Amino acid sequence: MPELYVGERHWSVTTGSNLLDALNQAGVGVPYSCRAGSCHACLVRCLGQVDDQQPDALSPAQRQDGWRLACQCQVIGDLEVETFDPLRDGLAARVVGADWLNTNVLRLRLQPEHGLRYRAGQHLVLWAGQVARPYSLASLPQEDPFLEFHLDCRQPGEFSDIARQLQVGDALRLGELRGGALQYDPDWHTRPLWLLASGTGLGPLWGVLREALRQDHQGAIRVIHLAHDAQAHYLAGPLAELAAQHPNLTVELWTAAELAQALAQLRLGSRQTLALLCGHPASVEAFSKRLFLAGLPRNQLLADVFVPRG
């Protein structure tokens with residue numbers, strides 16, 4: 001049986017064991033979220049034999065340095081593991097804003113110790129002590145002097161429980177910056193652009209929308225936000241202000257009770273339409289199915305799914 005070595009500890013595991021499970025079951029706290037190789041919260045440095053199910057999920061430089069995604073690795077031989085240390089490997093940041101956009105959505109603004117190059121819609125892993133969670137950036141690098149995140153705090157959770165107590169001046173650490181599926185391409189300049197979100201899936205699309213407007217997108221832009229009820233449309237005001245300033249932008253606010261009827265009435269005005277989707281898996285699937293039925297080619301739909309923890 002293979003041996004796992006972490007610091008001074010070592011123990012035997014079954015050949016083919018999932019590395020993330022083997023570490024966490026032995027009390028080595030490796031954070032995770034999606035378990036699909038997307039969020040990068042479970043980064044570990046490995047020396048030894050693993051079967052990596054997603055070798056292209058990390059850059060060649062990261063892989064050369066030994067980094068792997070624990071959730072995507074099976075242990076096939078003796079292995080030394082070094083966990084991600086936010087104090088050593090992360091970037092220091094301080095809270096410069098923590099305010100509630102409604103009763104459940106916390107707008108968190110962070111100032112990193114030094115500049116961070118990113119694009120609207122990318123993901124970043126946030127560390128509070130040894131608790132980590134990936135979140136999508138809602139800020140726009142060309143306009144915002146901070147990193148902004150929209151956190152859904154409806155349900156209890158390790159990170160959201162900490163986030164509720166954050167105050168200006170508190171310290172956090174920033175981990176892996178991820179590409180994300182959602183970004184604005186200047187080549188889309190004249191094409192119809194649909195941005196469909198549920199819940200705080202609106203966060204990254206808020207950044208993408210502002211990037212499209214910043215680049216003077218000429219095609220029609222349609223924003224649809226799905227929420228539990230009318231009070232949960234946490235960016236209704238700012239979206240209305242943008243729509244008033246840009247004649248090519250329309251905003252639709254749907255509630256869960258209206259979803260079936262609204263989807264049934266969804267029609268494409270052009271087969272050149274591009275659709276960006278973000279939010280809960282069930283919502284993204286519902287949006288996707290309807291768009292495919294309406295005739296949207298699959299290669300014109302980009303989706304980013306917020307997978308619930310556990």
Side-chain angles (χ1 to χ4, degrees), residues 101 107 116-123 136-150 177-227 233-254 258-259 262-279 283-284 286-305:
L101 298 178
R107 180 173 61 192
L116 184 68
R117 297 184 61 182
Y118 70 94
R119 299 186 309 273
Q122 286 191 275
H123 309 157
S136 294
L137 284 149
S139 45
L140 189 60
Q142 294 85 354
E143 296 185 5
D144 299 325
F146 43 72
L147 306 175
E148 180 170 308
F149 306 87
H150 300 166
L177 178 67
R178 282 286 290 133
L182 309 178
Q183 58 182 291
Y184 180 74
D185 187 333
D187 290 343
W188 298 345
H189 193 62
T190 60
R191 300 177 67 173
L193 179 62
W194 287 17
L195 308 177
L196 300 89
S198 66
T200 51
L202 184 57
L205 292 182
W206 171 246
V208 171
L209 169 62
R210 291 191 297 144
E211 176 63 15
L213 296 175
R214 188 187 72 84
Q215 297 201 32
D216 194 27
H217 185 85
Q218 294 298 297
I221 304 177
R222 183 178 185 179
V223 176
I224 296 174
H225 184 226
L226 172 64
H233 293 298
Y234 68 93
L235 287 182
L239 284 170
E241 291 177 8
L242 285 182
Q245 298 167 12
H246 300 275
N248 63 329
L249 171 61
T250 59
V251 176
E252 300 172 34
L253 305 178
W254 297 1
E258 302 165 342
L259 178 60
L263 284 176
Q265 297 174 354
L266 203 60
R267 300 288 187 275
L268 287 181
S270 168
R271 283 184 59 84
Q272 294 300 306
T273 298
L274 294 151
L276 275 60
L277 283 57
C278 190
S283 302
V284 170
F287 286 144
S288 300
K289 285 184 176 179
R290 181 57 202 165
L291 289 171
F292 293 148
L293 287 173
L296 184 75
R298 291 183 181 273
N299 64 353
Q300 291 170 210
L301 185 150
L302 300 173
D304 200 353
V305 176

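Everything numeric here is computed off the predicted structure, so don't read it as measured data. Quick note: residue numbers are just sequence positions, from 1.
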Legend entry - CG on Leu276 to CG on Leu195, rounded to 0.5 Å: 6.0 Å

Inset, instruction - Mark yes or no for whether His225, through its side chain, and Gly199, through its backbone, hold a donor-acceptor pair below 3.5 Å. - result: yes

Inset, instruction - Indicate whether any N or O donor in one side chain lies under 3.5 Å from an N or O acceptor in the other, for Thr200 and Tyr234. - result: no

Inset, instruction - Please check if atom CZ in Arg267 has more than 12 non-hydrogen atoms from other residues, nucleotides or ligands closer than 6.0 Å. - result: yes

Legend entry - Leu274 vs Asp185 side-chain heavy atoms within contact, under 4.5 Å: no

Legend entry - Separation of Leu239 CG from Glu252 CD (nearest 0.5 Å): 12.0 Å

Legend entry - Criterion salt bridge (Lys or Arg N to Asp or Glu O under 4.0 Å) against Arg210, the qualifying member of Glu148, Glu241, Glu143: Glu143

Legend entry - Test ring pair (Phe, Tyr, Trp, His ring centres under 6.0 Å) applied to Phe149 - qualifying residues, sequence neighbours left out: none

Legend entry - Side-chain heavy-atom pair Leu249, Leu209 within 4.5 angstrom cut-off: yes

Inset, instruction - Verify, without hydrogens or angle tests, whether Gln142 (side chain) and Leu140 (backbone) share a donor-acceptor contact under 3.5 angstrom. - result: no

Inset, instruction - Using atom types as modelled and distance alone, determine if a side-chain donor or acceptor of Arg191 lies under 3.5 Å from a backbone N or O of Gln272. - result: yes

Inset, instruction - Report yes or no: does Gln300 contribute a side-chain atom to a donor-acceptor pair with the main-chain N or O of Pro297 at less than 3.5 Å? - result: no

Inset, instruction - Working to the nearest 0.5 Å, report the span between OH of Tyr184 and CZ of Arg214. - result: 10.0 Å

Inset, instruction - Quick one: pull up CG in Leu296 and CH2 in Trp194 and give me the separation to the nearest 0.5 Å. - result: 8.0 Å

Legend entry - Partner set under ring pair (Phe, Tyr, Trp, His ring centres under 6.0 Å) for Trp254, not counting sequence neighbours: none

